[in-house]
Every structure is written in structure tokens, then in C-alpha cells.
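Report on one structure; see the data block that follows.
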Number of protein chains: 2
Amino acid sequence: MSTQFNETEQAILAAALEEFSKHGRQGARMQDIADRAGLNKALLHYYFRSKERLYEEVFTYVFRHYFTRMTTPLRSDGSFAEILRQFIHQYVDLLNENPALPMFMLREVAEGAPVFRRRIGEIAATHLDPESGDTPLGLPNTILAFFERGVREGAVTQADPFQTMISVMGACIYFFAAFPIFAAVMPGLEQQRAALTEARKDHIFELVYYGLKPRTE
Amino acid sequence: MSTQFNETEQAILAAALEEFSKHGRQGARMQDIADRAGLNKALLHYYFRSKERLYEEVFTYVFRHYFTRMTTPLRSDGSFAEILRQFIHQYVDLLNENPALPMFMLREVAEGAPVFRRRIGEIAATHLDPESGDTPLGLPNTILAFFERGVREGAVTQADPFQTMISVMGACIYFFAAFPIFAAVMPGLEQQRAALTEARKDHIFELVYYGLKPRTE
DNA sequence: GAAAAGATTAACTAAATAGTCAAACCAATG
DNA sequence: CATTGGTTTGACTATTTAGTTAATCTTTTC
């Protein structure tokens, strides 16, 4: 985790992310978080005061990490196709390394994004990406601008950039979000997980690349 | 809801679906479910005994409803392209009518799908789709078979049917799952929701149709 | 190496919440 | 219109769980 936290705090945050992702803000149990981190429950309160504060710290971390890392490829040099491929690869890797991330964000959304709304200003003001100077809140606009650029350059069809952004992200995320349920019904799938994850990158790229390629009809 | 439940039970199930979707199996509060249904809390126990049993009833209903309705277009007549379009339209409509559905399923998955695993046999044995004779568990295979057929008929590229299935479903679901967070960051999006939902259908179809179209290179 | 500061723990308290129950209500039936 | 069966309710109990505290261990500092 980030450097502003010591080892114990990082262990707590990591365990909390897991538990909040699995059971939600209210469903997660402080005792379970402590057990997962291998620490006494009182320590959670010693370092983070309350469950609500702990959640907010986890949220702030996840939000920064998730969104900052996603925009990096979009600012690199290269053709539209190359950047698109980079973006998809990076995003799949990010999700693969942190499978709890999307569920954590989706839960926050499902609950009406109360913490997001409450801290949105603070996050935007405090946590600028040192490299780009962007705020994480600029992510949608950065992605949209990328697809708009593709349209201008003639690399892709006139497809609505917003719709495209949702499709690409959804195709990436859903694999990780739904894998367990497909694995439960389709025997043998679990063993293929690593291979499918790797193949997923090129699959999504090709689907989107050819799906958006200018057509002559 | 289904006919096997009386009016009160249906009200409870509907309210429970909402609350479980928002807050999870453990996070949901029996009192909140009762309030939402406009009923006394004791009635929930009168009809469903415990929170856990109530959850399982909701799950069984949702699972049947969600998966049964999804397969219908796949069994209709028509070209590969027509059926694909039908499937996407139906699926987006289904999600639009029941926005709580995907989150409910995703939560179950996030928790390790304990109820799904426990009841999987029972659901498969008891709840056959009267029209097709399929069990809901056959859904992935039905979808896979559909895309395999497309490959055989030369309508689509050799793309892995599993990957394709995930991409299509993810593109449909993510729009509804993530809309609130984009709406929070992008002013004016909320007002466009209905139009975007409608446009979404053709967008996904075109992306997938052209993305999978056989190419000559 | 003693004292102070910080980290960690087990046992405890306060509050929230699932679940119970006996009484009240209501609709059907004779 | 009294009786019976199913339904609904408010008040209650038992249990779970967030949060506290005082005592103990550990590390740093002089």
C-alpha cells in the first residue's frame, strides 16, 4: 500500500479491502478483518478509530490506485491502436493482480456511492497524480478524449465514445467479477484461469479494434 | 414474482431483493426490508423463518428469472446476426427493468457463491424451464453453443466462444452497474439515461457483430 | 539500564439487530 | 353471531458486534 502507512496499518488496510469487497461496508466484521490481518481487533480502532473511518481510508486508497493506474497508458505516445492495446493489457493486469478492486467499487456504487460523494471534493483536491497533474476524477474525460481523438484521426467509426468506454471496461471487469460462477457450473474452467486471463487481452482488443474500425458500406 | 407466493410474500421478496442488492446478505437489515415492504418485521419470520432462508428464496427466484429469460432468444429462429441482436436487446431490457438483479448476483459471487453452491443441485432438479426443458445451469452451455454455431456457419471469426460470451454480457451489465458513478462525475449524464440505454443495444450489437465478422487478411 | 513512548492484548461495555411470543385482529364457516 | 384458522402487531429476549479500557509487552531514548 501507500507509503504514508506503516506495516501494521498496511496489513489492516489490505485485510479490510478483502473483507469489505466480500461482505460490503456494513456486512464486513471488524473481528474478521483483524483475524485476516493476524492482529488484535483493538488495533483497528487504535489506528483507524472506527469502522467507518477505516472504510473511508480503504476507499481513498483504492480510488487513487485504481483510477490513477488506468490513465497511465492513455497518456503515452503511439497510434490509437497501440494505446488501446496497452490500455486493455494494463487494465486486465490490474484487475488480475487485485481481484477485489472492482467488487469494492461496485459495492460502493450499489449503496448509492455515499462515501464517494462525500469525499469527492477532498479526493480531487488532495490527491493529484504527481506525473500528470490530473485528478482521478478526470478519468472518464481522459478516456472519452482518447476515443474522440480516435474518431478525429479516422482510426475508429463514429461510435459514441461513452458507450465504447463502458463496453471496454465492462468486458475487462466482468471476466473477473463473474468467473467464479462460471467456474462453478463449467467443470475444468478453474484450471484454465491463467491462460484465459492472458488470452482475454487480445480477445478484447480484437473485438474492439475491428468492432470500431471504419467500415465501407 | 412467481405464483407460488401470496401478495404479502411477494412484497417481502421484492423488498428483500432491493435490500440484499444494496447491502448484501449480511449487511441488509430485516427491519429495513420490513419497512420497504410496509410490513411488520415479525411477518418476515412468520413467512420465511430466518434471514438466511429469506435470502435463499430470493436467490432461487432471481436465479430462475434471470437465467431463464436470458436463454429465450437463443432458441428462436433466425440468422446468427438476428438472434445476437435479439439476445442483446432482451438482455439490456431485462437489466433495465430490474436494475437490482446484476448486483444481487455479483454479490453472491463475491461472497464465494455459498448459496449458489449449496442449492445448485436442488435448483437444477426442481426448476426446469417448462418450455425448453433446460435447467438454468445450462445457460452458459446454451450461449456457448450459440457462438459455436456462429463459427461453424461462418458468420463469425474463430474467436473463443467463452471469451465472446463474457464480453457481451460484461458490456451489457457494466452500463447498469457503473452508471451511478459516471453520473456522479459527469454532469448531465443522468438526464440522458433513457436515451443511452436505448442506444446501448445497437452499440453493443454493432461492436460485437463487426468485431467478430470474418476478416480477410 | 531506567524511564518514557508506543504497540498490542484480553476482557469488558454499549448498542444494534435477528428472532420470539402472546395478544389482537380479521375473514371465513357453521 | 360465536368459533375457528390464518394473519398481523408491539413489546420482549438473545445474540452479535462495534467500540473501550486498563494492563502488559516492546521499542526507543537518554
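Naming convention: chains lettered A, B, ... in sequence-line order (proteins, then strands); numbering from 1 in each chain.
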Completion exercise
Assert: residue with more 5' nearest nucleotide on DNA chain C, out of A:Leu39 and A:Gln26, is A:Leu39
Return the value, rounded to whole Å, for the distance between atom [atom1] of [X] and atom [atom2] of [N].
X	N	atom1	atom2	value
B:Tyr46	D:dG10	OH	P	17 Å
A:Met30	D:dT16	CE	C1'	15 Å
B:Leu43	C:dT20	CG	C1'	13 Å
B:Leu44	D:dT9	CG	P	11 Å
B:His45	C:dT20	NE2	P	6 Å
A:Gln31	D:dT15	CD	P	19 Å
A:Glu7	C:dA7	CD	C1'	13 Å
B:Lys51	D:dT16	NZ	P	13 Å

Practice task
Can you label the angle between the A:Phe48 ring and the A:Phe5 ring as parallel, tilted or perpendicular, going by 30° and 60°?
Solution key: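 Answer is tilted, since the angle falls between 30° and 60°.
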Practice task
Please state whether the rings of B:Phe162 and A:Phe182 are parallel, tilted or perpendicular, taking 30° and 60° as the class boundaries.
Solution key: perpendicular
Handout entry: B:Cys172 side chain near B:Arg200 side chain, heavy-atom distance below 4.5 Å
Key = no
Ignoring backbone atoms, test whether [X] places a side-chain nitrogen or oxygen under 4.0 Å from the OP1 or OP2 oxygen of [N].
X	N	answer
A:Tyr47	C:dT8	yes
A:Arg49	D:dG19	no
A:Thr8	C:dT8	yes

Practice task
Identify whether the distance between the nearest side-chain nitrogen and carboxylate oxygen of B:Arg69 and B:Glu97 falls below 4.0 Å.
Solution key: yes
Problem - SB check A:Lys51 A:Glu56 (cutoff 4.0 Å) - result: no
Exercise for the section: Indicate, with a heavy-atom threshold strictly under 4.0 Å, whether A:Phe48 touches base, sugar-phosphate, or nothing. Expected result: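 No contact.
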Practice task
Have a look at A:Ala34 and say if it touches a base, only the backbone sugar-phosphate, or nothing, with a 4.0 Å heavy-atom cut-off.
Solution key: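 Contact class for A:Ala34: none.
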Completion exercise
Judged by nearest nucleotide, the residue sitting upstream toward the 5' end of DNA chain D, A:Arg29 or A:Asn40, is A:Arg29
